[in-house]
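Worksheet for the structure shown next.
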There are 2 protein chains.
Amino acid sequence: MNIYQVAELAGVSIATVSRVMNGSDKVSEKTRSRVLQVIDEVGFTPNVFAQGLGLNTMHTIGILVPNISDIYMSSAVAYLQDSLAKYGYDLLLGNSGFEQEKKEQQTALLLSKHVDALIYVGSTYAGSGKDERETDYIRRAAEQVPVFVINGGVDGDNIYSSVCEDEAAVYNAAKVLIKKGCSKIWFLTDSRSYSAIKKRTGYERAIEEAGLNPVQLHVDNRIHKVRDYLLQHDDLNFDAVIAGSDAIAIGVMKYAVQKGLCVPEDIAVIGYNNSELALACEPELTSIDNHTEQICRDTVERMIKVFEAGGAENNIKRKLTVPCELVERGSS
Amino acid sequence: MNIYQVAELAGVSIATVSRVMNGSDKVSEKTRSRVLQVIDEVGFTPNVFAQGLGLNTMHTIGILVPNISDIYMSSAVAYLQDSLAKYGYDLLLGNSGFEQEKKEQQTALLLSKHVDALIYVGSTYAGSGKDERETDYIRRAAEQVPVFVINGGVDGDNIYSSVCEDEAAVYNAAKVLIKKGCSKIWFLTDSRSYSAIKKRTGYERAIEEAGLNPVQLHVDNRIHKVRDYLLQHDDLNFDAVIAGSDAIAIGVMKYAVQKGLCVPEDIAVIGYNNSELALACEPELTSIDNHTEQICRDTVERMIKVFEAGGAENNIKRKLTVPCELVERGSS
DNA sequence: TTATAAAATGTAAGTGCTTACATGTTCTGC
DNA sequence: GCAGAACATGTAAGCACTTACATTTTATAA
């Protein structure tokens with residue numbers, strides 16, 4: 001069933017059918033209803049490829065995440081999907097991993113499918129001047145479609161980013177620990193993403209302001225890996241840990257259990273993302289909530305605005321900042 | 001840049017360029033390399049919409065999950081994405097929720113984008129004869145493209161399903177608990193999915209064989225919701241719980257903590273899916289691993305075979321069964 | 001060489017839409 | 001009753017490919 005057959009049945013030209021489908025106002029009420037009835041009767045759906053050929057869009061948004069199975073990323077995808085569905089957009093999903101090459105490749109793949117926009121969740125970025133070329137592929141993509149970055153440190157023309165205030169969040173978290181009397185507060189993270197760097201900065205600032213000694217450890221993001229890593233080192237000497245994720249934080253708690261240490265008495269622990277994991281352990285985990293849902297919804301809202309504005313010239317905010325919130329529970 | 005310009009530059013017709021791109025063997029080596037060189041030089045990518053119009057495919061697979069943010073679903077998506085990427089397929093993602101209407105709607109949306117196949121992860125199904133019409137929309141979809149169902153109970157022409165042996169798994173888990181001396185083993189689940197029904201059947205069989213009394217509770221799938229639900233009831237009387245998910249199981253453990261009961265001494269707990277959550281709690285959770293990764297990879301392998309066979313007539317297995325495994329930890 | 005088969009390449013007809021522009025129809029005011 | 005405006009509809013040219021079929025080129029054998 002194609003537009004020609006519908007036109008035939010309705011006794012009009014294909015242009016008229018097309019106009020009816022696209023809600024053009026230049027159709028008489030009589031004709032419109034007749035066409036709609038035929039469309040309904042025969043169950044006609046326009047061919048997206050033909051539409052795409054003409055319009056160069058398929059109402060699809062490309063999304064690239066490093067790891068969908070990560071609880072934080074997957075909930076971001078869920079929120080994005082949900083919001084976009086309301087506007088009739090579908091999601092084309094790329095799971096990029098953390099390798100540069102794969103990211104570029106997946107980006108090309110999504111672009112080749114003529115997505116209307118690209119969303120990067122937590123794109124890595126080595127930060128100030130370190131190796132900005134790493135994200136060049138994103139800027140190149142932005143020449144073709146608007147790019148939205150969630151918790152990533154990329155900017156440029158046609159790039160819109162939404163970040164949470166990781167630095168302030170960790171700074172405050174460290175302050176809280178200091179106030180509680182902790183003096184050997186370590187920072188554990190698994191990635192060198194833009195977020196991780198901001199977290200680290202906040203951590204260092206708080207620690208140094210208090211005249212303490214900052215210690216950072218780079219670990220895996222899986223509970224048992226963290227525990228085992230810590231168990232293998234006997235030079236550990238912390239009374240508090242701020243972790244880059246809830247899984248890492250729980251890894252620390254597992255270490256404490258093995259060592260016969262008590263949380264929070266001997267070691268205070270603060271996680272990140274406030275995911276379901278934070279509720280699974282005992283005591284429950286104090287965690288920094290970075291308001292993923294809000295960030296995702298804001299991103300979609302802005303995207304729609306960008307579409308409506310059409311083109312890269314607009315006065316829509318390039319960078320949106322969302323505060324984080326320390327959700328205190330038993331672990332600190 | 002389009003095929004005409006490439007043809008022009010290479011001094012051949014567009015048909016030849018097309019042949020080169022599609023790896024047709026009817027091109028001389030000389031011509032092929034010349035064309036490839038031009039394609040490479042100018043960075044030509046064929047327009048997927050134009051290709052789609054001719055071929056009626058865009059090398060895209062539609063996937064429908066009830067809830068991507070669920071740790072089990074998201075890891076399934078990750079595995080599927082990973083496997084499919086190897087064959088050059090992209091994933092068009094629908095987050096259907098659990099409502100019938102939304103599922104049908106999302107299915108239609110994906111079909112309208114001419115996906116090459118549909119994957120349903122954990123599609124609900126009320127089971128033997130109860131209301132088979134609920135899944136009619138899946139059978140209708142299967143008239144258009146091959147449909148792959150993971151842990152769902154749908155079958156029909158052009159539908160390929162992969163299920164894990166939930167029934168046997170729960171049966172065995174219950175047996176283990178019985179052997180350990182538990183006599184008041186309850187079963188808690190959150191959904192009436194096909195899997196849930198199989199689990200229940202296994203549970204009932206084991207309990208009844210042992211001459212015990214089966215008790216089932218229908219709960220939410222979130223840790224605190226489960227805990228609160230249990231706390232509100234004071235007629236609880238179990239010494240073991242088999243849960244339909246790890247989150248539910250941990251909810252039970254949270255309840256135990258509140259009540260001052262010990263796990264596993266007072267209450268033995270077994271979860272499902274063997275997710276990261278199972279490692280987060282203390283004691284760690286005994287959980288049934290349903291080998292999601294293997295199921296996903298098998299599904300993709302079969303899909304490729306179906307594509308190669310072309311058409312619904314083939315002797316590729318319609319139903320694949322994967323055993324589950326009880327991973328025993330401290331909670332039981 | 002030349003007839004003939006085989007291989008390589010080109011031509012042109014789809015594929016199903018959108019939309020600028022052309023044409024036809026209805027309404028308005030005099 | 002009619003010019004001219006306003007509105008409705010149709011015509012046809014893209015959009016960028018694939019591929020059956022036609023044609024040309026090259027190889028093969030007598």
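Throughout, a chain's letter reflects where its sequence line sits, starting with A, and its residues are numbered from 1. All heavy atoms count here, side chains included; hydrogens, waters and symmetry mates do not.
D:dC17 atom C1' lies 11 Å from atom NE2 of A:H114, rounded to whole Å. Atom CD1 in A:I3 sits about 5 Å away from atom P in C:dC17, given to the nearest Å. Put simply, CE on A:M58 is 15 Å from P on C:dT18, counting in whole angstrom units. When the C1' atom of D:dC15 is taken as reference, atom CD1 of B:I14 falls 13 Å away, rounded to whole Å. Following rounding to the nearest Å, B:L53 (CG) and C:dT18 (P) show an atom-to-atom distance of 12 Å. As rounded to whole Å, 9 Å separates atom C1' of D:dT18 from atom CE of B:M21. Atom CD of B:E8 is separated from atom C1' of D:dC17 by 17 Å (rounded to the nearest Å). Between the CZ atom of B:F44 and the C1' atom of D:dC17 there is a distance of 8 Å, given to the nearest Å.
Screening A:V6, A:V35, A:V20 for a side chain to side chain contact (heavy atoms under 4.5 Å, CB included) with A:V12, the sole residue that qualifies is A:V35. A:P146 pairs in a side chain to side chain contact (heavy atoms under 4.5 Å, CB included) with only one of the listed residues (A:I159, A:D116, A:V306), which is A:V306. With B:C296 as the fixed residue, the side chain to side chain contact (heavy atoms under 4.5 Å, CB included) test singles out one of B:D298, B:V300, B:T292: B:T292.
Aromatic rings from B:Y89 and B:F307 are positioned such that their centres are separated by under 6.0 Å.
The number of heavy atoms from other shown groups lying within 6.0 Å of CD (B:E8) does not exceed 12.
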Show the distances under 3.5 angstrom between N or O atoms of the protein and N or O atoms of nucleotides 4-9 of chain C.
{"unit_1": "C:dT9", "atom_1": "OP1", "unit_2": "B:S28", "atom_2": "OG", "d": "3.2"}
{"unit_1": "C:dT9", "atom_1": "OP1", "unit_2": "B:T31", "atom_2": "OG1", "d": "2.3"}
{"unit_1": "C:dT9", "atom_1": "OP2", "unit_2": "B:S28", "atom_2": "N", "d": "3.0"}
{"unit_1": "C:dT9", "atom_1": "OP2", "unit_2": "B:S28", "atom_2": "OG", "d": "3.3"}
{"unit_1": "C:dT9", "atom_1": "OP2", "unit_2": "B:T31", "atom_2": "OG1", "d": "3.1"}

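A side-chain donor-acceptor contact under 3.5 Å links B:T60 and A:K113.
Looking at B:R32 and B:E29, a side-chain N of the basic residue comes within less than 4.0 Å of a carboxylate O on the acidic one, giving a salt bridge.
Between B:F148 and B:Y160, the ring-plane angle classifies as parallel under the 30° and 60° cut-offs.
The phosphate of D:dA16 (OP1 or OP2) has no side-chain N or O of B:N47 nearer than 4.0 angstrom. Using a 4.0 Å cut-off, some side-chain N or O of B:N22 falls inside it from OP1 or OP2 of D:dT18. A:Q51 has no side-chain polar atom (N or O) that falls below the 4.0 Å cut-off from OP1 or OP2 of C:dG16.
Judged by distance alone, with hydrogens and angles left aside, B:Y4 brings no side-chain donor or acceptor close enough to the base of D:dC15 to form a pair under 3.5 Å.
Qualifying side chain to side chain contact (heavy atoms under 4.5 Å, CB included) partners for B:T321, counting only residues two or more places apart in sequence or in other chains: B:V163, B:E165.
Across the interface with DNA chain C, nearest-nucleotide mapping of B:A15 and B:A50 shows B:A15 to be the residue nearer the 5′ end.
Stem regions for DNA chain C, each three or more consecutive Watson-Crick or G-U pairs with both distances under 3.5 Å and listed by first number, read C:1-30 with D:1-30.
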